[in-house]
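Input: a single structure, listed below in C-alpha cells.
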Amino acid sequence: MRWTKTFIPTLKEAPAEAEIPSHQLLLRAGLVRKLAGGLYTFLPAGIRVLRKIEAIVREEMDCAGALEVLMPALQPPEIWKASGRYEQAADVLFKVRDSKNREWLLGPTHEEVITTLASTELQSYRQAPINFYQIQTKFRDEIRPRFGLMRAREFIMKDAYSFDVSDEAAMVSYQKMYDAYVQVFKRCGMTAFPVEADTGVMGGRHSHEFMVPAPTGESEVAYTEDGSYAANLEKANSQGAITATPSECTGELEKFATPKVKTIENLAQAPYNVAAEAQIKTLVFIAEDKPAIALVRGDDQINESKLCSALGTAIFRAAEAEEIHAALGAHPGSLGAVGVKDIPVFADEQLRNAAGMTTGANEDGFHLRNVNTARDLLDVKWADLRTVREGELSEGGHPLKIQRAIEVGHVFKLGTKYAEALGANFLAEDGKQHPFVMGCYGLGVTRTLQAIIECSNDEHGVVWPQAVAPWQVCLTVLDIAPEGEVMETAQSIYNELTAAGVEVLMDDRDVRPGVKFKDSELIGIPVRVSVGERSLKEGNVEFTVRSEGGRENVPVAEAVARVRATLS
RNA sequence: CGGAACGUAGCACAGCCUGGUAGUGCGCCUGCUUUGGGAGCAGGAAGUCGGAGGUUCGAAUCCUCUCGUUCCGACCA
C-alpha cells in the first residue's frame, strides 16, 4: 500500500477530549474518529488492526471447536422479558420502535437469542457439547461512555455460548474457552491474566475475567505476588482485616450524646476517640422498594457486589436521607441496627464476634457504646460484605496487592438459568427432559485493540506487536522522484516483500524526511526500512525496529531477507 | 443519575474579569527557496464565538435556559 493511496490522518497534537494515552494515540495515529460520545468510525489503519485481532479470535475459537454464527443485533423484547433481564438490564438497553410502533431492542449481548435458537434446534444430549460464537456489534446505553473505545455505546464483541448436558461437561467447555482466551491475548502481544470474577447481573456461578494491568483501567484486581490468588476487587476475599476487631465485652449498652458527629471520622476524634475499627458502620439500601441495613466495620468499605449476592437481587440503591429517617427515625450519622426488628439486617463477618463496639443510636445526636453484636443485634444475616484491602492475607496466607486493570474478556459458567427461562431442554439418555447447562464467553474486540495500545506505546507513539500491526513494514522513501534510484530501489524492495506476503506501507508522500520518520513512529509499524540517497551511496538502506529504536545500515541486497528474518 | 469543569477556524488555544472591527500556533491552498528527524519566506481560504432567549445604542464577553463534551463517583466486554 502506498501512503498517498490510503488515508492516515495523523495529528501532531492530541484532541482535548482524549485523556488517556491509548485514546490520544488512537486519534493521533489516525486509527479512528469520533462521531459522537461513545461512537467511533474506524479509518483504514484502524480497521486493519481490528481485522487482525478478529482473525486471531476466530482462529482460536475455531481451534477450540466453537462454531461461528451471526445473530441479529435487533431483538424482540419478549425474549428479554422471559429471561427477566428486560427489567434487570433496563438501564443499558437501547430500545427502538418500528413504523408500527412496535418495540425492539438493540442487543447488548445474546444469551436470549442463542438460547431461543437452542430451544428449538437442540433437542438431544447427542448434540452436546456445542458452542456457538459470533463477532458482532453490541449496543449498550452506557451512562458514561469514556476513554474512546474502552467504554463505548456501540462496540465489537466476540461472544460465545456453550451448551452442555451436565455441570461436569460444562466445566470442560468453560476450560476450553478459558484456554482459548489465554491464547488470544498472548497472540495479541499482551499480558492478560485471568482473575476470579463476580457474576453480577448475568447470573451463574463460576466466572473469570481477563485483565490487562494498566493504571488507566477501570477495574481493580486483588492478587498475591506468588500468583496463588487473583480476583476482581468486587469478588476478592481475605482472611480479614489486619487490625483485630474488639471482642472483649465492656459492659452494658449505654447511650451517649454525640452532638455534631456525622461520620466515622468525627467519632474517631477527640473527645470521643473511638477507633474506626471499634465502630459499626450502618448503611441503608432500598432493595426492590424495601429498606435493608448493611453493617460493616467502621474502617471497612461496603462491597456492593457482595451485598448484591447477600440481598439476592441486583435491584437496589443507597437510600435517600428521608427514606432512612422514615425507616430508622434518625439521619445518617446516628444510625445503628441495635434493636431493629422489621428491617432485614446484613452484617459483615468481620463483626461476628465483635464486642465493645460503638454505633449510632437511631436518634440524631446519640450513639451507643458497649455494643456486643451477638447480644444486641436481633436476627442478623451474616455475610462477607467488605471490600478487601491491600496487605490482608489471602486464604492461602499470602499478602494481597491491589492493582488497576482493563477487563478485556470474561468467561462465565451460566448454569441452567437461561435454558430454564427460555425452555432450552434436551432429551437425555434417561428419556427425560433436562435444561442445558450453559456457559457464555465475552471478549471485547475493540476494547482489546485499545488495551494493546495502552500497554504498548512510548513517547513517540504506538508500538504495535507484529501480529496486530496495521502493516508490518514501513518503507520510508526519502526521494520520491519516480525515475530516481531511490524510488526504484524502494519499489523493488516493496515488490519483493509484497510477493513474500509481507504487508508493506510505502511512504511515498511529498513531505520532508522528518515528517515521515515521526509518522512511522506515531502509527507504530514494527519495522521501518528507509531508502535514501545518503545510505544508498554506500549500497545500504536503513533498518529500524520500532520497539528497539536506533538504526542500522543493511546492504540493499540483504534488506528483504533481513526484514523477513526480523518478522518471523 | 449525583458532583465539577469546559464549548471561539480541521486541531491546540488566547480574548471574556473591566461589553466597542474575532486573534495566535499547527494544519489546509498558491508561489519561491529548502530537502535525513514534525522547514523558511510571501500571499491566501476558512469561524452562525455550541444553541435559544434576555440586558444594552452595541454581547464571544453580562444574565437565564438549553444542548454537547470531558473529568470524578454508581454500571460493564
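Naming: A, B, ... by sequence-line order, numbering from 1 per chain.
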### Query
Can you tell me the Watson-Crick or wobble partner of C32(B), both distances under 3.5 angstrom?
G40(B)
### Message
Just N and O in the side chain of Arg512(A): are any of them under 4.0 Å from OP1 or OP2 of A39(B)?
### Response
yes
### Task
Just name whichever nucleotide pairs with C62(B), Watson-Crick or G-U, keeping both distances under 3.5 Å, else none.
G54(B)
### Query
NA contact type, Gly409(A), heavy-atom cut-off 4.0 Å: base, sugar-phosphate, or nothing?
sugar-phosphate
### Whole-Å P distance, U33(B) and A52(B)
49 Å
### Query
Looking only at atom P, what distance separates G37(B) and A42(B), rounded to whole Å?
24 Å
#### Entry: C49(B) and C13(B), which share atom name C1', separated by this distance in whole Å
14 Å
### Message
If the threshold is 4.0 Å, N to carboxylate O, is there a salt bridge linking Arg528(A) and Glu521(A)?
### Response
yes
### Message
Give me the distance, rounded to whole Å, that separates A14(B) from C62(B) when you measure between the P atoms they each carry.
### Response
15 Å
### Task
Using only heavy-atom distances, determine whether the side chains of Tyr133(A) and Asn131(A) contain a donor-acceptor pair under 3.5 Å.
no
### Task
Quick one: closest heavy-atom pair of Leu385(A) and Leu295(A), and the distance?
CD1-O, 4.1 Å
### Task
Evaluate the ring planes of Phe163(A) and Phe132(A), with Trp represented by its six-membered ring, and classify them as parallel (under 30°), tilted (30 to 60°) or perpendicular (over 60°).
perpendicular
### Task
Give, for atom CD1 of Ile452(A) and atom NZ of Lys52(A), the distance between the pair rounded to the nearest 0.5 Å.
11.5 Å
### Message
My understanding is that a pair needs two contacts under 3.5 Å, Watson-Crick or G-U wobble. By that rule, which nucleotide pairs with G10(B)?
### Response
C26(B)
### Query
Taking the same atom, C1', in U55(B) and in G38(B), what whole-Å distance lies between them?
48 Å
### Task
Tell which nucleotide pairs with U48(B), taking only Watson-Crick or G-U wobble pairs whose two distances are both under 3.5 angstrom.
none
### Task
Classify the nucleic acid contact of Ala192(A) as base, sugar-phosphate or nothing, counting any heavy atom under 4.0 Å across all strands shown.
nothing
### Query
What residues form a salt bridge (Lys or Arg N to Asp or Glu O under 4.0 Å) with Arg153(A), not counting sequence neighbours?
none
### Query
Looking only at atom C1', what distance separates C41(B) and G53(B), rounded to whole Å?
49 Å
### Task
Let me know, please, whether His23(A) or Glu533(A) comes out on the 5' side of the other along RNA chain B by nearest nucleotide.
Glu533(A)
### Query
Base, sugar-phosphate, or nothing: which does Ala318(A) touch, judged by heavy atoms less than 4.0 Å apart?
nothing
### Query
Counting only distance, no hydrogens or angles, is the base of C76(B) paired donor-acceptor with the side chain of Arg140(A) under 3.5 Å?
no
### Task
For G10(B) versus G47(B), give the span between their C1' atoms, rounded off to a whole number of Å.
11 Å
### Query
Rounded to the Å, how far apart are Leu11(A) CG and C13(B) P?
13 Å
### Message
What is the distance, to the nearest angstrom, from the CZ atom on Phe94(A) to the P atom on C75(B)?
### Response
19 Å
#### Entry: Sugar-phosphate only, base, or nothing, as touched by Arg551(A) at under 4.0 Å among non-hydrogen atoms
base
### Message
Nearest heavy atom decides the nucleotide; on that basis, is Val511(A) or Arg151(A) closer to the 5' end of RNA chain B?
### Response
Val511(A)
### Message
Need the pair for C71(B). Rule: Watson-Crick or G-U wobble, both distances under 3.5 Å, any strand; none if unpaired.
### Response
G3(B)
## Note on the structure
Side-chain contact check for Glu521(A): nearest option of U69(B), A77(B), G37(B) is G37(B)
### Query
Taking N and O atoms by type only, does the side chain of Glu13(A) place a donor or acceptor under 3.5 Å from a partner on the base of G10(B)?
no
### Query
Please give, in whole Å, the distance from C75(B) P to Arg85(A) CZ?
17 Å
### Message
Need one value for Arg153(A): base, sugar-phosphate or nothing, where a base atom within 4.0 Å counts as base even if backbone is also close, heavy atoms only.
### Response
nothing
### Query
Across the strands shown, which category fits Ser535(A) at heavy-atom distances under 4.0 angstrom: base, sugar-phosphate, nothing?
base
#### Entry: N or O in side chain of Lys516(A) less than 4.0 angstrom from G37(B) OP1/OP2
no
### Task
Measure the distance from CD on Glu154(A) to P on A77(B) and round it to the nearest whole Å.
18 Å
### Query
So, is the end of the Lys158(A) side chain (NZ or CZ) under 6.0 Å from the ring centre of Tyr181(A) and within 45° of the ring's axis?
no
### Query
Are the ring of Phe155(A) and the base ring of A77(B) both nearer than 5.5 Å at their centres and tilted by less than 30°?
yes
### Query
For Arg509(A), which contact category applies under a 4.0 Å heavy-atom criterion: base, sugar-phosphate, or nothing?
nothing
### Message
Base, sugar-phosphate or nothing for Glu304(A)? Non-hydrogen atoms, less than 4.0 Å.
### Response
sugar-phosphate
### Message
Tell me the interatomic distance from Phe147(A), atom CZ, to C72(B), atom P, rounded to whole angstroms.
### Response
5 Å
### Message
How many whole angstroms separate atom CZ of Arg146(A) from atom C1' of U69(B)?
### Response
15 Å
### Task
Could you work out the separation of U61(B) and U56(B) based on their C1' atoms and round it to a whole Å?
13 Å
### Task
In whole angstrom, give the distance that lies between atom CD of Glu218(A) and atom P of C76(B).
12 Å
### Query
Hey, does Asp519(A) reach any base, or is it just sugar-phosphate, or nothing, if we go heavy atoms under 4.0 Å?
base
### Message
Using whole Å, what does the distance between atom C1' of nucleotide U70(B) and atom CZ of Arg144(A) come to?
### Response
8 Å
### Query
Any luck finding a side-chain donor-acceptor pair between Ser83(A) and Glu111(A) under 3.5 Å?
no
